[in-house]
Amino acid sequence: MNLQSLTSVGREFASGVLHLVYPALCHLCGRALEHAEKYFCDPCRSALTTDRFPSCPRCGSTVGPFVSLQDGCHRCRGTPFAFDAVLRLGPYDGLLRDVVLRLKHGFSEALGEIVGATWAEHAEQQLRSAAADVILPVPLHWWRRWSRGYNQSAALARAVAARLSLPCRSSWLRRIRNTPHQTAQTPAARRDNVRGAFRVRSHAKLKEKTVLLVDDVLTTGSTAHQAARALRKAGARRVVVAVLAAHTLR
């Protein structure tokens, strides 16, 4: 584990000790929790779970209130996706954006599971509407997972699976190429970057299954498309993507 990861582990350990000594603190802002509050104070929980905008069911992008969504929104209409729909907790903005960045750049597995449990509790009906048979996280390449210490999408997926009483199969899908970060790349470059990056393991049982594919953030849908494409090739009947946040490119 590199120095950055060790530093992150140290911060998370200190945070964990703090919450053991003072268990009634909000995991996001540190404010003392009231008796009925759990993990997060009410303002943080509301900011985390309130989606103030309508979104495209095909790509997850924020859309206007009167936009026609037949065959998707203007950003995704005509773009082929191997997944069937996107379910999002909210837009990539405000506190939700801060949480996504914290999950990506710190050893925050415990926070990921708490956020995942809160997401699943808040959006249980929406998540159940996917009628999934199995839940899979979008995998990291083994090198990036080792460097980061964990896969934030796997932590989220485990919590969602526990709430929905569904199996979570983190080992069924793997990333076979250590692709460069998608951030700051053009949409076309993002598509090229992840093309052929995923492969389903031989022991995976996906024939005619509906998969709920869990990730932390979705931008152009390129990563989810390539992951879903591999799942379809392995026999999955439907793939529904569930993300904490959808980042709408302008």
Side-chain angles (χ1 to χ4, degrees), residues 5 8 12 27-28 39-40 44-45 47-51 55 59-62 83 85-123 126-127 130 132 135-141 144-164 168-170 173-175 178-185 190 193-194 197-198 211-228 231 239-249:
S5 295
S8 297
E12 284 298 309
H27 282 68
L28 294 179
Y39 300 133
F40 308 117
C44 283
R45 182 179 293 269
L48 194 66
T49 60
T50 301
D51 192 350
S55 61
C59 73
S61 293
T62 297
F83 52 82
V86 173
L87 308 177
R88 77 178 197 180
L89 180 60
Y92 185 72
D93 193 16
L95 184 61
L96 194 52
R97 176 182 180 274
D98 293 343
V99 167
V100 168
L101 292 175
R102 183 170 166 183
L103 293 179
K104 282 183 179 295
H105 300 299
F107 191 85
S108 304
E109 189 166 10
L111 177 62
E113 292 181 349
I114 290 170
V115 170
T118 303
W119 173 21
E121 178 183 0
H122 173 78
Q126 181 198 43
L127 293 167
I135 294 177
L136 272 67
V138 171
L140 293 175
H141 186 267
R144 190 168 295 171
R145 187 187 184 285
W146 179 84
S147 300
R148 187 174 295 174
Y150 83 116
N151 177 4
Q152 73 278 7
S153 298
L156 295 169
R158 286 195 300 270
V160 171
R163 180 75 185 189
L164 301 184
C168 180
R169 301 290 184 249
S170 298
L173 181 66
R174 66 189 183 105
R175 191 184 292 246
N178 189 18
T179 54
H181 288 286
Q182 295 280 75
T183 308
Q185 295 196 45
R190 286 171 183 257
N193 186 37
V194 292
F198 299 95
V211 177
L212 189 66
L213 183 66
V214 174
D215 206 357
D216 56 348
V217 63
L218 183 145
T219 304
T220 63
S222 298
T223 298
H225 168 67
Q226 290 297 329
L231 295 171
V239 179
V240 177
V241 178
V243 293
L244 274 184
H247 187 180
T248 303
L249 288 178

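This structure is a prediction, so every number in the text was calculated from the model and none was measured.
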Output all residues satisfying side-chain contact (heavy atoms from CB on, under 4.5 Å) with [X], sequence neighbours left out; order by chain, then residue number.
X    : result
A228 : A82, F83, V239
A157 : I135, P137, C168, V214
R174 : I176, R199, R201
A159 : A117

Name all residues meeting the side-chain hydrogen bond (donor to acceptor under 3.5 Å, both in side chains) criterion together with [X]; count only those two or more places apart in sequence or in a different chain, and write none if there are none.
X    : answer
D98  : none
R45  : none
D215 : S153

Separation between CG of L28 and CZ of R102, rounded to the nearest 0.5 Å:
6.0 Å
When rounded to the nearest 0.5 Å, the distance separating NE2 of H247 from OG1 of T219 is 5.5 Å
Could you report the tightest heavy-atom contact between [X] and [Y], atom names first, then the distance?
X    : Y    : result
R148 : L103 : CD-O, 4.5 Å
V138 : N151 : O-ND2, 3.1 Å
A245 : V100 : CB-CG2, 4.2 Å
A132 : L212 : CB-CB, 3.8 Å

Just do the side-chain contact (heavy atoms from CB on, under 4.5 Å) check on V243 and D216 with the steps written out, would you?
CA-CA 5 Å; V243 293; D216 56 348; over 6 Å; no
[Y] and [X], any side-chain heavy atoms less than 4.5 Å apart:
X    : Y    : answer
F40  : L48  : yes
L231 : L173 : yes
L87  : V241 : no

Checking the side chain of H27 only, and the main-chain atoms of Y39 only, is there a donor and an acceptor separated by less than 3.5 Å?
yes
Pairs meeting criterion salt bridge (charged side-chain N to carboxylate O under 4.0 Å, His left out) with involvement of residues 150-164, two or more places apart
E109-R158, E113-R158, E124-R163
Donor-acceptor pairs under 3.5 Å, side chain of residues 88-97 to any protein atom, not counting sequence neighbours: which ones?
unit_1: R88; atom_1: NE; unit_2: D51; atom_2: OD2; d: 2.9
unit_1: R88; atom_1: NH1; unit_2: G60; atom_2: O; d: 2.9
unit_1: R88; atom_1: NH1; unit_2: T62; atom_2: OG1; d: 3.0
unit_1: R88; atom_1: NH2; unit_2: D51; atom_2: OD1; d: 2.9
unit_1: R88; atom_1: NH2; unit_2: D51; atom_2: OD2; d: 3.3
unit_1: R88; atom_1: NH2; unit_2: T62; atom_2: OG1; d: 3.2

So which of L213, V240, L218 actually passes side chain to side chain contact (heavy atoms under 4.5 Å, CB included) with V86?
L218
Using side-chain contact (heavy atoms from CB on, under 4.5 Å), reason through W146 and R144 one step at a time and then give a plain yes or no.
CA-CA 5 Å; W146 179 84; R144 190 168 295 171; over 6 Å; no
Test side-chain contact (heavy atoms from CB on, under 4.5 Å) applied to F198 and T223, step by step:
CA-CA 9 Å; F198 299 95; T223 298; 3.7 Å; yes
